[in-house]
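So that the names make sense, note that chain A is the first sequence line, chain B the second, and so on, each numbered from 1. Source: prediction; values computed, not measured. In what follows, every heavy atom counts, from backbone to side chain, and hydrogens, waters and symmetry copies are set aside.
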2 protein chains.
Amino acid sequence: MPVSSLTDPALEDVRDLLDTGFEHGEMITLVGRCAIDYDGRASSHLPPGERLVICKPDGTLLVHRDEQRKPVNWQPPGSTHSVCLDDDRLIVESVRSSPHEELEITFKTVAQASRLELDDMSELALEGSEEDLRQRILADPDILETGFNAMATERETSAGPIDIYGQDADGTPIAVELKRRRVGPDAVGQLNRYVEALERNRPGKSVRGILVAPSVTERATELLASEGLEFVSLTPEQADTS
Amino acid sequence: MPVSSLTDPALEDVRDLLDTGFEHGEMITLVGRCAIDYDGRASSHLPPGERLVICKPDGTLLVHRDEQRKPVNWQPPGSTHSVCLDDDRLIVESVRSSPHEELEITFKTVAQASRLELDDMSELALEGSEEDLRQRILADPDILETGFNAMATERETSAGPIDIYGQDADGTPIAVELKRRRVGPDAVGQLNRYVEALERNRPGKSVRGILVAPSVTERATELLASEGLEFVSLTPEQADTS
DNA sequence: CCTTAGATCTCGCGT
DNA sequence: ACGCGAGGTCTAAGG
């Protein structure tokens, strides 16, 4: 885990460190006072302030302030970074194509500059996703409704793919929309689009729509009622019955 | 912009640095080999690997790998960080309440640990948002449709707030939904919910729905047609006519 | 606190 | 490439 770091360096030395880091595909962190201009999908300007800048070898660039979870500015993976010294200012530039986006960071002073080689082959194992909720229902369809018969997942309609498509005990088609957390009106609209698409395909035949989530907001409940849709309360993880 | 940094420190010294940094409300960066466990809205486990950890004074915690824009693990602002030394392992813990979430980072080795005091009072100025699109239309309603009369923004309906509510030249009500970029079926569903809510309030009276965006996907175009809704192409920023 | 919808959303998966 | 929907989404604004 080699780390090369400079404290209160001359901007010239920072430029060399960046060039070396970019060359070697290393991660770089910079702490310093900088102004930032962005132009691409939108455009922004951030006056000078002290921030932490991170350049990843995959082309990602992050600018973090001392608060908030999201970077104040950034470039997505695949961008190309470069650095140049202009008088007494160090300019870090990141360019992305398709769509074209430019980020320019102008440093007045740099307090710390580091090159990091990070070795990380592990993969994140996450539980509690919508996929887990789907597996729960497919493993035991009766928890949705007695006699439910799951016939397909991601079934295509003209309005998009249905999470689970099946039939009830009477053979009536059902579109099931899954959400891992409490839902609002948007999920109802989504389910409604799928149900209407199925009904357009089979005129006259009734289709049921069931929204599956831990809970729904009041407005979503009203919308479900006005559209004739149903709700079943389920979480991705089985309730702890210990 | 005071920066205190340790290279290849003993874990004991890292613990002291963290304690000091937490105490003084400073930002902290750690580079090292660690495993991570999360439990809260979901749960996850990440086996050992080399990562960059950032603790912000507002309670934000970020764990970044050497690729991707998003942190592999994190805690939102408002979380409480703590550190303890357990044998030959350094454990950084972050807890959040409402909802309860825990993140535990177990370091085997630390290559770099830094305390940063970042002074940043500037505010980001961003252009090209949906709000800019709204201002464009309100400043010159005719660019939406000749004779359009904007009567309200964020007008409440039983299905949620309409971006712009108004009337056409004939006095027919119009719900306008704005999007800053190319849109898909979700935006059509959103507009449809608003139009249906208005129609439920005024039975028999027809209501027009207009989706405003730079462009729409084909599926969204079909949905617009099947719902009897309309589309007008506009961008947040005026086209460059130089 | 909860709800609602925007975001330079990001990300993965599919066509 | 583009389309589509999930996400521990995050974040701001409003009730």
*Hey, which of these two, A/Gly184 or A/Tyr38, hits DNA chain C nearer its 5' end, going by closest nucleotide?*
A/Gly184
*Nearest-nucleotide 5' precedence on DNA chain C, B/Ala159 against A/Val72*: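 The residue whose closest nucleotide sits nearer the 5' end is B/Ala159.
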*Given that B/Thr217 and B/Asn73 both sit by DNA chain D, which one's nearest nucleotide is further toward the 5' end?*
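It is B/Thr217, whose closest nucleotide lies nearer the 5' terminus.
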*Take A/Gln68 and A/Lys179, find for each the nucleotide of DNA chain D with the closest heavy atom, and name the residue whose nucleotide sits nearer the 5' end.*
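Closer to the 5' end of DNA chain D: A/Lys179.
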_Within 6.0 angstrom of A/Glu123 CD, more than 12 heavy atoms from elsewhere_ =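 No - once you tally the heavy atoms of other residues, nucleotides and ligands closer than 6.0 Å, there are 12 at most.
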Could you check whether [X] gets within reach of a base, just the sugar-phosphate, or nothing at all, counting any heavy atom under 4.0 Å?
X        : answer
A/Gln190 : sugar-phosphate
B/Arg193 : sugar-phosphate
B/Glu102 : nothing
A/Gly40  : nothing
A/Ser43  : nothing
B/Pro99  : nothing
A/Glu127 : nothing
B/Ser98  : sugar-phosphate

*Round to a whole Å and report the spacing from CG of B/Asp58 to P of D/dT11.*
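Atom-to-atom, B/Asp58 to D/dT11, this comes out as 9 Å.
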*d(CZ, B/Arg219; P, D/dC4) in whole Å*: 5 Å
*Give a yes-or-no answer on whether the side chains of A/Arg182 and A/Ser215 include a donor-acceptor pair shorter than 3.5 Å.*
yes
*Residue-phosphate contact under 4.0 Å: A/Arg134 side-chain N/O, D/dA6 OP1/OP2*: no
*Polar pair under 3.5 Å, donor/acceptor by atom type, side chain B/Glu101, base D/dG8*: yes
*Taking atom P in both D/dC4 and C/dT8, what distance in whole Å separates the two?*
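Their P atoms lie roughly 22 Å apart.
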_Donor-acceptor contact present, side-chain A/Ser158 to main-chain A/Ala197, <3.5 Å_ = no
